[in-house]
K.L.:
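Starting off with a structure, shown below.
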Protein chains: 2
Amino acid sequence: MFKKILIAEDFQDTNKGIVEALENRLQIEFIQEELYCDKAYNRFKLAYENGEPYELLITDLTFKESHVTRRLTSGKELINIVKNIDQNIKVIVNSMIDNTVEINSLFTEQKINGYVCKGRNSLNELINAIQEVYHNRTFVSPQLNLNSASSVFEMDKYDLMILKDLSEGYTKKEISEKLKRQNISPNSESTIDKKVSKLFDEFGAKNTHHLIAKLIKQGKI
Amino acid sequence: MFKKILIAEDFQDTNKGIVEALENRLQIEFIQEELYCDKAYNRFKLAYENGEPYELLITDLTFKESHVTRRLTSGKELINIVKNIDQNIKVIVNSMIDNTVEINSLFTEQKINGYVCKGRNSLNELINAIQEVYHNRTFVSPQLNLNSASSVFEMDKYDLMILKDLSEGYTKKEISEKLKRQNISPNSESTIDKKVSKLFDEFGAKNTHHLIAKLIKQGKI
DNA sequence: TTTTGCTTTACGGATATCTGTAAGGGATTG
DNA sequence: CAATCCCTTACAGATATCCGTAAAGCAAAA
């Protein structure tokens, strides 16, 4: 089993819950917990340079702002910089985000090894994930059904981009121009209109305000 | 100190973290943890009817949906129904919501005794809150500054209602009609226009889409 | 009472949205 | 080749938004 694990999680109660479980239910020799991405990175780097690297990083994705000025503000940034230094470290993400597009990109782009979605069984799942990852397998919380887009409607990257832009205050005309500049097709205002209208039906929204609100609340944007 | 405490929190890791801290740092004889509002309510009711009521309820506000059909879906509902049966029970809310309007209304309407905002020190704050509430005082996470509307722009209840309706897909015309039916004044479409435009400036939003997205992400809606 | 200041309201014009219809462009199939 | 399907695009009309101006209402101050 892993001997050195690093945990980055900003909620103190959650953090303690994880540490407690790892100490009691797995025989981990050394567990280091941190509440800030920056501090976690410093721990990682120091250990790496001393030739005693962490074998596993367990991190959240979102971290609250604080009075302390921070270089790293999200778990994704932390993973990127850590993986850039140590390609061998294993990474498990423990977050409440359940947007499958987002999670898929963590596996393909950040090359994470496991994803646990916070919930009523997530501590058990995390233990499970650690064991799987230790044996060089990947783990994803079973309720997510990553590859089978079976259950509900899902947005592709294109839809996601449009909705993100809309939620940032861009008009459809501006988005159309932006897509043309970036040579992304389709890019007509009309098509954007259609795409968004389709999403109204799929998500049961009355208009764009409603759709944006729903998607943000669902953590999809 | 309290002898019987009931905890309602749906994230397993957070739940365990809280229980662990209460067991180790306070001498609580009996702690019951539940992952569902409904189950917490059942525990509460049974104990009350047996003449051995819980003295303190610690609850989250938001609970994830699940396959299990639920009557109670939020901490607010749980508090209402519990307080309705037992006026003596003390309530501490432990949530990540930091919207001061919302929190204030929990104190005035749900008559809660303490509010702890999840974060890097929230476990210590929770211990503190329990001790304060035990001595019949109230507790609010210090970083919140509830009464001093000092720092950033805050919305009053009126603004909040309008933004909530907009985010649910109502047009300003519909909202105007709704306000008139409820005899709430002001209620002209024009005034609603002005109010929203003013919020654009205060929150640095380009349009309504942008404003709604920002406010939801800040947890204000 | 008049003045002043603030909020609410009405209204109009420019812009954006939402929602049809219709036309054009591939790709696939028979 | 034609037929079909699906996606993209153009366009147009109805509705909604954004934003300015101006008038009306109201309360406190002069």
Side-chain angles (χ1 to χ4, degrees), chain A residues 101 149 153-218 220-221, chain B residues 101 149 153-218 220-221:
Chain A
V101 177
F153 291 105
E154 285 301 336
M155 298 188 295
D156 58 23
K157 281 215 161 191
Y158 184 86
D159 293 337
L160 199 66
M161 186 165 41
I162 289 173
L163 264 297
K164 262 191 178 140
D165 283 346
L166 280 173
S167 76
E168 283 166 14
Y170 293 98
T171 66
K172 288 170 182 171
K173 188 186 286 180
E174 288 172 330
I175 295 172
S176 164
E177 289 161 359
K178 197 173 166 186
L179 291 173
K180 282 171 189 163
R181 273 200 305 279
Q182 298 174 349
N183 281 325
I184 297 177
S185 174
N187 52 38
S188 76
E189 201 180 333
S190 176
T191 298
I192 297 173
D193 263 3
K194 301 299 170 215
K195 295 274 187 193
V196 176
S197 291
K198 203 178 197 178
L199 293 174
F200 290 170
D201 298 336
E202 293 178 353
F203 288 94
K206 297 178 195 165
N207 54 33
T208 309
H209 297 158
H210 197 190
L211 181 64
I212 289 176
K214 280 198 171 200
L215 293 178
I216 293 180
K217 283 180 181 168
Q218 288 180 26
K220 292 188 194 287
I221 299 187
Chain B
V101 177
F153 289 106
E154 285 301 335
M155 298 188 295
D156 58 23
K157 281 214 160 194
Y158 183 85
D159 292 338
L160 198 66
M161 185 164 43
I162 290 173
L163 265 296
K164 260 189 178 141
D165 283 346
L166 280 174
S167 77
E168 283 166 15
Y170 294 99
T171 66
K172 288 170 183 170
K173 189 187 285 180
E174 289 171 328
I175 296 174
S176 165
E177 289 160 0
K178 197 172 166 187
L179 290 174
K180 282 172 188 162
R181 273 199 304 280
Q182 299 174 348
N183 281 323
I184 298 176
S185 174
N187 51 37
S188 76
E189 201 180 333
S190 175
T191 298
I192 297 173
D193 261 4
K194 301 299 170 214
K195 295 276 186 191
V196 176
S197 291
K198 202 177 195 179
L199 292 173
F200 290 170
D201 298 337
E202 292 179 354
F203 287 93
K206 295 177 196 167
N207 54 33
T208 308
H209 298 159
H210 197 190
L211 181 62
I212 289 176
K214 281 199 170 198
L215 292 179
I216 293 180
K217 283 180 181 167
Q218 288 180 25
K220 292 188 193 287
I221 298 187

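Chain naming here is simple, since letters A, B, ... match the order of the sequence lines and numbering starts at 1 in each. These numbers come from the heavy atoms of this one structure, side chains and all, not from hydrogens, waters or symmetry mates.
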K.L.:
Is any side-chain heavy atom of Asn207(A) closer than 4.5 Å to a side-chain heavy atom of His210(A)?
P.N.:
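Contact flag for Asn207(A)/His210(A) side chains = yes.
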
K.L.:
Just N and O in the side chain of Ser190(A): are any of them under 4.0 Å from OP1 or OP2 of dT9(D)?
P.N.:
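Negative; the distance criterion is not met.
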
K.L.:
How long is the line joining CD1 of Ile184(B) and C1' of dT8(C), in whole Å?
P.N.:
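Those two atoms, CD1 and C1', are 16 Å apart.
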
K.L.:
Is the shortest heavy-atom distance from the side chain of Met161(A) to the side chain of Ile184(A) under 4.5 Å?
P.N.:
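When only atoms from C-beta onward are counted, Ile184(A) and Met161(A) do touch, with a gap below 4.5 Å.
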
K.L.:
Could you state the CD1-P distance from Ile175(B) to dT17(D), rounded to the nearest angstrom?
P.N.:
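It works out to 8 Å between those atoms.
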
K.L.:
Between dA16(C) atom C1' and Asn207(A) atom CG, what is the distance in whole Å?
P.N.:
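Between C1' of dA16(C) and CG of Asn207(A): 13 Å.
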
K.L.:
Does NZ or CZ of Lys206(B) lie under 6.0 Å from the centre of the six-membered ring of Phe200(B), at an angle within 45° of the ring axis?
P.N.:
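Judged by the rule (NZ or CZ under 6.0 Å from the ring centre, within 45° of its axis), Lys206(B) is not positioned above Phe200(B).
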
K.L.:
What about Thr171(A): does its side chain form a donor-acceptor pair under 3.5 Å with the base of dA16(C)?
P.N.:
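Donor-acceptor pair under 3.5 Å: no.
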
K.L.:
If I take atom CG in residue Asp193(A) and atom P in nucleotide dT21(C), what distance separates them, rounded to the nearest angstrom?
P.N.:
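Whole-Å distance recorded here is 15 Å.
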
K.L.:
What is the separation between atom CD on Glu174(A) and atom P on dA16(C), rounded to the nearest whole Å?
P.N.:
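One finds 8 Å between P of dA16(C) and CD of Glu174(A), rounded.
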
K.L.:
Is there a donor-acceptor contact under 3.5 Å from the side chain of Gln182(A) to the main chain of Leu179(A)?
P.N.:
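No, because the side chain of Gln182(A) does not come within donor-acceptor range (under 3.5 Å) of the backbone of Leu179(A).
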
K.L.:
To the nearest Å, how far apart are His209(A) NE2 and dA16(C) C1'?
P.N.:
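These atoms are roughly 10 Å apart.
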
K.L.:
Round to the nearest Å and state the distance from Asn187(B) atom CG to dT9(C) atom C1'.
P.N.:
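Value for this atom pair: 10 Å.
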
K.L.:
Considering only side-chain heavy atoms of Thr191(A), which listed nucleotide, dT9(C), dA16(C), dT8(D), is closest?
P.N.:
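Looking only at heavy atoms from C-beta outward on Thr191(A), the closest nucleotide is dT8(D).
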
K.L.:
Starting at the 5' end of DNA chain D, which residue's closest nucleotide do you reach first, Lys194(B) or Glu189(A)?
P.N.:
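Nearest-nucleotide comparison on DNA chain D picks Glu189(A).
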
K.L.:
Is it the case that over 12 heavy atoms from other parts of the model lie below 6.0 angstrom from the NZ atom of Lys198(A)?
P.N.:
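Counting neighbours around NZ of Lys198(A), 12 or fewer heavy atoms of other residues, nucleotides or ligands fall under 6.0 Å, so no.
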
K.L.:
Over how many whole Å does the gap from Lys180(B) atom NZ to dA10(C) atom C1' extend?
P.N.:
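Computing the Lys180(B):NZ to dA10(C):C1' distance gives 11 Å.
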
K.L.:
When we call it a touch if two heavy atoms are under 4.0 Å apart, what does Lys195(A) touch: a base, just sugar-phosphate, or nothing?
P.N.:
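Counting heavy atoms under 4.0 Å across all strands, the contact made by Lys195(A) is with sugar-phosphate only.
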
K.L.:
Give the nucleotide from the list dT9(C), dT19(C), dA10(D) with an atom nearest to the side chain of Ser197(A).
P.N.:
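The answer is dT19(C).
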
